[in-house]
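Predicted model only: the values in this text are computed from it and were never measured.
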Amino acid sequence: MSEMIVTVVRTGERAERGVTTGTTAGELFQGDRAVIAARVNGELRDLAWALSDADEVEPIAIDSEDGRAILRHSTAHVLAQAVQELFPEAKLGIGPPVENGFYYDFDVPKPFHPDDLERLETRMRQIIKERQRFSRRVVTDDEARAELADEPYKLELIGLKSQATGAAEGASVEVGGGELTIYDNLRGDELAWKDLCRGPHLPTTRHIPAFKLMRVAAAYWRGSEKNPQLQRIYGTAWESKDALKAYLEMLAEAERRDHRRLGVELDLFSFPEEIGSGLAVWHPKGGIIRRVMEEYSRRRHEEAGYEFVYTPHLSKEGLFQTSGHLDWYADGMYPPMELDEGHRYYMKPMNCPMHVMIYRSRGRSYRELPLRLFEFGTVYRYEKSGVVHGLTRARGFTQDDAHIFCTPDQLQDELSSLLGFVVGLLRDYGLEDFTADLSTRPEKFVGEIEEWNTAEAALEESLKRADIPYTIAEGEGAFYAPKIDIHVKDAIGRRWQLSTLQVDFQLPGRFDIEYQSADGTRQRPYMIHRALFGSEERFFGILLEHYAGAFPPWLAPVQVVAIPIAERHEAYLEQVAAKLRERGIRVEVDRSDDRMQKKIRNAQTHKIPYMLLAGDRDIEEGAVSFRYRSGEQKNGVPVDDAVAEIADAVARRIQI
RNA sequence: GCCAGCGUGGCGCAAUUGGUAGCGCACCCGACUUGUAAUCGGGCGGUUAGGGGUUCAAGUCCCCUCGCUGGCUCCA
């Protein structure tokens, strides 16, 4: 009685099934409520898709990656319907799923107000309750044009698709590759709404278990500054109320550990309005952490053969003309200071030209190479006003910047050892999970293609040797060089771009630097740029969020707070503190007239790694009692043992 | 740079339709001296980011500047 055979694929297992002609994917998976779409011969399809003989069919569950994307895309449609009902003049842009959610762009006469989101959510809930069916319909270009005559942006997409040019990011969900389709939202048999869309979609709106609109924003149509700005609404949707809740809690956790908030709470740094946007001052507690980070980094660099240099923050314009910065990135530089007789000085946006000056200060021999120059170099970049963001995107910041001058022969080994060094040092700061991007030649570049190819190959080889997983970012290199960016994953799973490593054969030529080789000829060195933290400010901000302010003891600004049970125990704790200070431990005795419980609370909120308490019992035994950040305690520890425990944790740079 | 939302004592927040700026924490003073997350009492502190305007009257309305937030664009 079965008229055709399909192959059902589930998590790698394959099974053949005989079904009647015209069976849909949905009927195949009837009974499994988690299945909301299917992959038929490799293509994602609606459950209403009619199968053909010999099809290979895989169920798509709503809680899979593909399933969530479909859910979110369908939720975007519900949003768009709600918007057009509440704001009839709204014209549709695009509405794709994105990581953790979706958005939909609209052209509206008056921008949305945050309060509009609540009204839209209410309407969306009604639409979901109505159990509208998502119904797919194939149309010709002309039919689509006729049906969407009132939607200028959709018409533009149809036009783009006809021209087979690359549409905007996200637009592929509207028009896709082949035939055009429109999805009708049907309330019973009545058409509630429709949208040009490739699909697939959930069977009905009722299949949306949980969603929330997040924020309104503006976005340029098709991602170009030259185009008009549309109003974008961001939302999120999940396979269950619990999954939505977990996501919202993750966002709340990210907010709690936002470095800008912790910077204030822990008194680490601030951005005085009087100084200017994006320009931080470091308070004593933040300053200690930064100093410890720098000291450790400096020591490791010295051990690895780097030499320390210092250079000024300002330079005459000629330097940046030679380097090419004024030709390529003058926009990103602070405007020049005009001095007498027409001399112009610029704040430096990068340290490299300065380091080249050091190299060029005298003749160089191949025997000196590789020459590794390192500086904590403070640079200033005129970031656009809308992008400044705490410590992670500042206008003044300090790079842990090094430039390595080497012979072409040395390039490969130098890159390889460099990568190992970088990753090793990042591990010491408590970061574990690394990936890399290899950014290759961009459209706008300088130099010879052969040189680019050589450098790209050397970078890739070093990634392989260092065994770091990487992806190739085609065309993402700097104009003067290909680069490797190292990304790290933080404690709550976010990825941050940190270190960069670039091969540069432009600057050596521009500055005409040379070395004398063994055969007596003059040769041009290669140059490698690298920053490990990227910027100290940014790295600090990332670490702060990674640790949620609870730094490991070696970095904590105050490592120990000693808390007397009563005033008469203060002198004893001062002796303990003196012993700790002898070991270089940063310790404070809390002699305020707060109650002991309050002192504990204070130390706890300041995320102090160790609290040492002492009362009559401890003093009798020559001991102290520990309270750790976890709330755990360890009582009656002999003072020398306590000191040793703390000093050891600091020396080993472990987290506790 | 563009769009939107914001900007109240150090921090977190309040202030009916425009009608004399309050609270908590922190801070200062006093009392209390207490074994693991907030003792009690008193006090100081704001020309409501800055400037201009409307009004009898503006933290509340309008304009400009600065700054912050979320996006977009950008990130050498």
Is A:Arg260 near enough to B:rG70 that one of its side-chain N or O atoms lies under 4.0 angstrom from OP1 or OP2?
-> yes
Considering just the side-chain nitrogens and oxygens of A:His389, establish if one lies under 4.0 Å of OP1 or OP2 belonging to B:rC68.
-> no
Could you check which nucleotide pairs with B:rC66 in any of the strands shown, counting Watson-Crick or G-U wobble with both distances under 3.5 Å?
-> B:rG7
Answer with yes or no whether A:Arg627 presents, from its side chain, a donor or acceptor under 3.5 Å of a partner atom in the base of B:rA37.
-> yes
N/O (side chain, A:Tyr234) to phosphate O (OP1/OP2, B:rC72) under 4.0 Å | yes
What about A:Arg393: does its side chain form a donor-acceptor pair under 3.5 Å with the base of B:rC74?
-> yes
Find out whether A:Tyr346 and A:Tyr334 are in side-chain contact, i.e. whether some heavy atom of one side chain is under 4.5 Å from a heavy atom of the other.
-> no
Within the structure, does a side-chain N or O atom of A:Ser385 lie under 4.0 Å from either OP1 or OP2 of B:rG67?
-> no
A:Gln229 has its side chain closest, among B:rC2, B:rU33, B:rG5, to B:rC2
Using both distances under 3.5 Å as the test, list the Watson-Crick or G-U wobble partner of B:rG45, or none.
-> none
Among B:rG67, B:rA4, B:rA31, the one nearest any side-chain atom of A:Ser277 is B:rG67
Taking atom C1' in both B:rG71 and B:rC25, what distance in whole Å separates the two?
-> 33 Å
Near RNA chain B, under 4.0 Å by heavy atom, which residues of residues 375-383 of chain A?
-> A:Arg381
Any donor-acceptor N/O pair under 3.5 Å between B:rG35 base and A:Asp616 side chain = no
Determine whether the side chains of A:Thr311 and A:Glu375 contain a donor N or O and an acceptor N or O closer than 3.5 Å.
-> yes
According to the Watson-Crick and G-U wobble definitions, with both distances under 3.5 Å, which nucleotide is paired to B:rU39?
-> B:rA31
Whole-Å P distance, B:rC64 and B:rC75 | 30 Å
Given B:rC11, is OP1 or OP2 found less than 4.0 Å from the side-chain N or O atoms of A:Arg261?
-> no
By the Watson-Crick or G-U definition, both distances under 3.5 Å, B:rC23 is matched with B:rG12
Is the closest side-chain donor-acceptor distance between A:Thr236 and A:Asn100 under 3.5 Å?
-> no
A:Lys483 side chain: which of B:rA76, B:rA37, B:rA4 is closest?
-> B:rA76
Using atom P of each nucleotide, how far apart are B:rG53 and B:rU60 to the nearest Å?
-> 14 Å
Do A:Asn635 and A:Gln633 have side-chain atoms, one donor and one acceptor, less than 3.5 Å apart?
-> yes
Less than 3.5 Å between a donor and an acceptor, one on the side chain of A:Lys384 and one on the base of B:rU73, is that the case here?
-> yes
Between the side-chain atoms of A:Glu225 and the base atoms of B:rU73, is any donor-acceptor pair under 3.5 Å?
-> no
Row check, A:Tyr382 ring normal vs A:Arg395 NZ/CZ: under 6.0 Å, within 45° | yes
Establish, yes or no, whether the cationic atom of A:Lys316 lies under 6.0 Å from the six-membered ring centre of A:Tyr345 and within 45° of the ring axis.
-> no
Please confirm whether A:Arg538 makes a cation-pi placement over A:Trp496, using NZ or CZ under 6.0 Å from the six-membered ring centre and within 45° of the ring normal.
-> no
Looking only at B:rU34, B:rA37, B:rU36, the nucleotide nearest the A:Ser625 side chain is B:rU36
Of the candidates B:rC68, B:rA76, B:rC66, the side chain of A:Ala478 sits closest to B:rA76
Among B:rC68, B:rA4, B:rG71, the nucleotide that comes nearest once only the side chain of A:Val388 is considered = B:rC68
Below 4.0 Å: OP1/OP2 of B:rG1 and any side-chain N or O of A:Lys226 | no
Should we count NZ of A:Lys91 as having more than 12 external heavy atoms under 6.0 Å?
-> yes
